[in-house]
Amino acid sequence: MWSVGRGRAAGPAVLGLLLVLSVPVSRAAKTGAGPVTCGSVLKLFNTQHRVRLHSHDIKYGSGSGQQSVTGVEASDDANSYWRIRGGSEGGCPRGQAVRCGQAVRLTHVLTGKNLHTHHFLSPLSNNQEVSAFGEDGEGDDLDLWTVRCSGQHWERDAAVRFQHVGTSVFLSVTGEQYGNPIRGQHEVHGMPSANTHNTWKAMEGIFIKPSVDPSAGHDEL
């Protein structure tokens, strides 16, 4: 059985954000060159299965029983927005370009829970379950994902992978679809190897302008 949470009413800040996000964003703004920055709110698109990373106040009926994470084909679903944040110790100030190899948290905007994985089996494919966990953006050290990409920074028009810091799996989709109450949504899970099922691109959202020119970095000794 799936469990549908009662949830909390969205606060004024969240409602304001959704109002902004409901305004169509130009194609140039969505796909133009430039880095993804800390504090940005965006949708993540799986390039192989053409679904967006999604969550909602519906809990898994098996495994951890935590809030489920799925993939949806719709491009206009407000439950597919995620905020880019640093770890609990910080390290991702607003407007800073996200580096390739940097660990980030992905916080679901509407529920305040972080993208999370752990050693439970996913319900359809028996890969590693991916859930949303925590309260008001605070969870634990299993909420950290390393951005795997080429070059110095995560570029908005480039495909990237997300590798879990704690268990080393890659955020993936392989095509399995759920029945009721989330019929047609795709299972999202963790896989041990990098492959075509775990490449993602930044899509619709609000991108914070870089605080400094990311190309103006210095060489490390």
Side-chain angles (χ1 to χ4, degrees), residues 1-8 10 14 41-46 48-49 51-74 77-88 103-148 160-195 197-200:
M1 294 290 292
W2 294 85
S3 174
V4 180
R6 297 175 62 184
R8 292 173 298 174
V14 172
V41 173
L42 50 75
K43 294 183 180 182
L44 291 169
F45 180 74
N46 184 279
Q48 175 72 12
H49 297 278
V51 294
R52 287 161 174 80
L53 188 68
H54 180 91
S55 192
H56 38 224
D57 199 10
I58 299 176
K59 296 179 172 59
Y60 287 119
S62 60
S64 69
Q66 293 175 2
Q67 182 169 298
S68 56
V69 172
T70 63
V72 298
E73 295 178 0
D77 194 316
N79 273 304
S80 300
Y81 284 110
W82 302 81
R83 186 185 301 277
I84 309 299
R85 305 171 61 220
S88 58
V104 299
R105 287 182 291 178
L106 299 171
T107 301
H108 188 243
V109 170
L110 282 187
T111 63
K113 297 183 184 297
N114 297 322
L115 190 70
H116 181 95
T117 190
H118 38 214
H119 293 294
F120 288 92
L121 294 179
S122 61
L124 299 183
S125 66
N126 289 327
N127 285 301
Q128 187 164 299
E129 180 194 278
V130 170
S131 65
F133 173 76
E135 295 292 335
D136 297 323
E138 298 307 319
D140 62 22
D141 58 1
L142 292 177
D143 299 339
L144 289 173
W145 298 81
T146 300
V147 181
R148 299 297 183 194
V160 303
R161 292 185 172 91
F162 298 96
Q163 186 174 21
H164 190 243
V165 171
T167 65
S168 298
V169 298
F170 291 88
L171 183 69
S172 306
V173 180
T174 50
E176 295 84 0
Q177 295 185 38
Y178 290 108
N180 290 332
I182 52 174
R183 180 174 297 278
Q185 295 188 23
H186 292 240
E187 181 183 83
V188 172
H189 50 247
M191 299 183 73
S193 61
N195 55 54
H197 300 297
N198 41 58
T199 56
W200 301 83

**Fill in**
All heavy atoms of Tyr178 vs all of Pro123, minimum pair found to be OH-CG, 3.4 Å
**Item:** Ring geometry between His49 and His186 (parallel below 30°, tilted from 30 to 60°, perpendicular above 60°)
**Value:** tilted
**Request:** Please check if the side chain of Ser122 supplies one atom and the backbone of Asn127 the other of a donor-acceptor pair under 3.5 Å.
**Result:** yes
**Prompt:** Within a reach of under 6.0 Å around CD of Gln177, are more than 12 heavy atoms found that belong to other residues, nucleotides or ligands?
**Reply:** yes
**Message:** Quick one about Thr167 and His118 (side-chain donor to acceptor, distance below 3.5 Å, no hydrogens or angles considered), yes or no?
**Reply:** no
**Message:** If I compare all heavy atoms of Asn195 with all of Met191, which pair ends up nearest, and what's the gap?
**Reply:** ND2-CE, 3.9 Å
**Asked** Is a donor on one side and an acceptor on the other found under 3.5 Å between the side chain of Ser172 and the backbone of Asn198?
**Response** no
**Request:** Please test His54 against Ser80 for side chain to side chain donor-acceptor pair (under 3.5 Å), starting from the C-alpha separation and ending with a verdict.
**Result:** CA-CA 4 Å; His54 180 91; Ser80 300; 3.1 Å; yes
**Message:** For Val72, is there any backbone N or O sitting under 3.5 Å from a side-chain donor or acceptor partner on Gln185?
**Reply:** no
**Fill in**
Value for CG (Leu106) from CH2 (Trp200), rounded to nearest 0.5 Å, stands at 10.0 Å
**Asked** Run the side chain to side chain contact (heavy atoms under 4.5 Å, CB included) check on Asp141 and Val165 step by step: do they pass?
**Response** CA-CA 8 Å; Asp141 58 1; Val165 171; over 6 Å; no
**Prompt:** What distance separates Asn114 CG from Gln67 CD, expressed to the nearest 0.5 Å?
**Reply:** 10.5 Å
**Prompt:** Where do Thr174 and Gln48 land on the side chain to side chain contact (heavy atoms under 4.5 Å, CB included) test, with the steps shown first?
**Reply:** CA-CA 9 Å; Thr174 50; Gln48 175 72 12; over 6 Å; no
**Asked** Closest approach of His56 and Thr70, non-hydrogen atoms and distance?
**Response** CE1-OG1, 3.8 Å
**Asked** Do you know which two heavy atoms are closest between Trp145 and His164, and how far apart they sit?
**Response** CE3-N, 3.5 Å
**Message:** Tell me the closest heavy-atom pair linking Val109 and Arg83, and the distance in Å.
**Reply:** CG2-N, 4.1 Å
**Message:** For the CG atom of Leu115 and the CG atom of Leu144, what is their distance to the nearest 0.5 Å?
**Reply:** 11.0 Å
**Prompt:** If you round to the nearest 0.5 Å, how far is CZ of Arg105 from CD1 of Ile84?
**Reply:** 11.5 Å
**Request:** Report yes or no: do His189 and Ser125 form a side-chain donor-acceptor pair below 3.5 Å?
**Result:** yes
**Request:** Using the test salt bridge (Lys or Arg N to Asp or Glu O under 4.0 Å), find all partners of Arg85 that sit at least two apart in sequence or belong to another chain.
**Result:** Glu138
**Prompt:** Could you give the distance from CG (Leu171) to CZ (Arg161), rounded to the nearest 0.5 Å?
**Reply:** 11.5 Å
**Asked** To the nearest 0.5 Å, what is the distance between CZ (Phe133) and CG (Asp143)?
**Response** 6.5 Å
**Request:** Taking Gln128 for its side chain and Thr117 for its backbone only, find out whether a donor-acceptor pair lies under 3.5 Å.
**Result:** no
**Request:** Could you tell me whether the side chain of Thr146 and the main chain of Ala103 form a donor-acceptor pair under 3.5 Å?
**Result:** no
**Item:** Residue pairs passing the salt bridge (charged side-chain N to carboxylate O under 4.0 Å, His left out) test where at least one lies in residues 113-127, sequence neighbours excluded
**Value:** Lys113-Glu135
**Item:** For Gln66 against Ser131, the heavy-atom pair lying closest together
**Value:** OE1-OG, 2.7 Å
**Message:** Phe162 vs Val147, test: side chain to side chain contact (heavy atoms under 4.5 Å, CB included). Steps then yes/no.
**Reply:** CA-CA 5 Å; Phe162 298 96; Val147 181; 4.0 Å; yes
**Request:** If a pair satisfies salt bridge (charged side-chain N to carboxylate O under 4.0 Å, His left out) and one of its residues is in residues 183-192, list it, with sequence neighbours excluded.
**Result:** none
